[in-house]
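The next block holds one structure in the form of structure tokens; read it before the comments.
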There are 2 protein chains.
Amino acid sequence: MTRLPVYLRSLLELASDQVSTVSSERLAELSGVNAAKVRKDLSYLGSYGTRGVGYDVGFLVDQVGRELGTTRDWPVVIVGLGNLGRALANYHGFGTRGFRVAALVDADPALVGESIGELTVVSIDQLESVVARGQVAVGIVATTAGSAQDVADRLVSAGVRSILNFAPVVLSVPDGVSLRNVDLSMELQVLTFYQHQAHPQHLGTASA
Amino acid sequence: MTRLPVYLRSLLELASDQVSTVSSERLAELSGVNAAKVRKDLSYLGSYGTRGVGYDVGFLVDQVGRELGTTRDWPVVIVGLGNLGRALANYHGFGTRGFRVAALVDADPALVGESIGELTVVSIDQLESVVARGQVAVGIVATTAGSAQDVADRLVSAGVRSILNFAPVVLSVPDGVSLRNVDLSMELQVLTFYQHQAHPQHLGTASA
DNA sequence: TAGATTGTTAATCGATTAACAATC
DNA sequence: TAGATTGTTAATCGATTAACAATC
């Protein structure tokens, strides 16, 4: 369920504001969704609310966190240390959700041995061994489009079961492997699409 | 339509491979979707295919590109130049889609004046003026969660109508402003959710 | 003409949400 | 008891996709 992390974020915010109880209405507002949807989503986890009262924030944080596995340790390998890979390597937002960058891998010999944060970049030749040694569960692909599928294949055969892909290409992975894609250009393109529809061109023949 | 950029990416790939004609079946395969969906999406743009033959790749690139506004110039302002903001400022994938980083803005006086790529970071005090001067249409929010809403408000009142938000917070924007969110921790969390469901814990009481 | 493939209809599926009985 | 709010049903909505007539 893709909305659970959003609820967790809102709940953690409430908890840090010392709020002890929250209604589905309020949680929905904070999370930017419909209240009925919140209740339905939460009821899927179990019957954790109290009619007439609402949900206990602390208890719900525990339950949602447990469902999402945030208390687990998720070692992550980042493949490709261009600008984006570096930003991810230095990103401190992962820690609180159980993610830990365990290894940095790049194919460029010039980058191998370089320190980024507290880690040292290792060669792509060692991909399989760092995955095995670090019990890496998640791979982040921040390579060029050209090498992304090859990297994904190697991650999968090394045992990685979750891949977050930043390369602008459609990857194929076997059943049982989770894949998500973030394509920054595409996000911008979707965003401006609506704008362009409303106010096309600004060129040539005027339309208004 | 959020799939158009995916089709465009596949079509550009075909074009660079000198492929002149493509069927909905093949385009669907390359884009990772259903063929009927491709035909339906494309028919919304107009009747650009030929029955029994397929679609002309070059022509379709033009039509989809025009629909998406890729030939237009989209000046972008990046607010917040931490690791992520820097990576975005240096990212070269934007150019081919019509996006151009026109200004870099940060609230930290220590960063103002610094050169990143070909641009110089300016103070947040000048946000409104750089937006106006550069006719900036798109704002990228790469600040902390705490300042994101304030930045978004200022972008909107300065005239920005499309916002891409990387801060881990739900932003509210008025009608007519497009908003998309990319939360990296959340992507990872959604990703590992399915994995965690299949193989929970690895702690305490064994379940298998 | 026979084969291929589009464009579009209509059926299917799943997600969203209003509504309300249950109940604190 | 009266008010509030959950959990869940059932209706609604929109998106997906199979199927096929149109037609190159």
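All of these numbers come straight from a predicted model, not from anything done at the bench. Proteins get letters first, then strands, A, B, ... in listed order; numbering begins at 1 in each.
- Heavy atoms of other residues, nucleotides or ligands lying less than 6.0 angstrom from CD of Glu67(A) number more than 12.
- Shown for residues 9-22 of chain B: no residue has heavy atoms falling under 4.0 angstrom of DNA chain D.
- Crowding of Gln149(A) atom CD: a count of heavy atoms from other residues, nucleotides or ligands under 6.0 Å exceeding 12.
- Just one of Leu14(B), Leu11(B), Thr21(B) meets the side-chain contact (heavy atoms from CB on, under 4.5 Å) condition when paired with Leu60(B); it is Leu11(B).
- Residue Arg3(B) is classed as a sugar-phosphate contact, given heavy-atom separations below 4.0 Å to backbone atoms only.
- Annotation: of the two residues near DNA chain C, Arg51(A) and Gly52(B), the 5′-most nearest-nucleotide partner is Gly52(B).
- Around the CD atom of Gln135(B), the shell of radius 6.0 Å holds no more than 12 heavy atoms that belong to other residues, nucleotides or ligands.
- Here chain A contacts DNA chain D (any atom closer than 4.0 Å to a heavy atom, that is under 4.0 Å), and the contacts span dA4(D) to dA10(D) from 5' to 3'.
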### Query
Under the side chain to side chain contact (heavy atoms under 4.5 Å, CB included) criterion, do Val33(A) and Asp41(A) qualify, and how do the steps go?
CA-CA 11 Å; Val33(A) 302; Asp41(A) 288 343; over 6 Å; no
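- No engagement by Tyr44(B) is indicated, since no non-hydrogen atom pair under 4.0 Å with the nucleic acid exists.
- The residue among Thr50(A) and Asp41(A) whose nearest nucleotide of DNA chain C is located toward the 5' end is Asp41(A).
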### Canonical and wobble pairing (Watson-Crick, G-U, under 3.5 Å) of DNA chain D, dot-bracket with |
..||||||||||||||||||||||
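- Side-chain atoms of Ser178(B) do not come within 3.5 Å of backbone N or O of Ser162(B) as any donor-acceptor pair.
- The side-chain heavy atoms of Thr143(A) and Asp150(A), taken from C-beta on, include no pair separated by under 4.5 Å.
- Panel note: side chain Ser157(A), backbone Arg154(A); a donor-acceptor pair is recorded below 3.5 Å.
- Between the side chain of Trp74(B) and the backbone N or O of Gly69(B) there is at least one donor-acceptor pair closer than 3.5 Å.
- A donor-acceptor pair is defined here as one N or O able to donate and one able to accept, closer than 3.5 Å; such a pair exists between the side chain of Asp106(A) and the backbone of Asp108(A).
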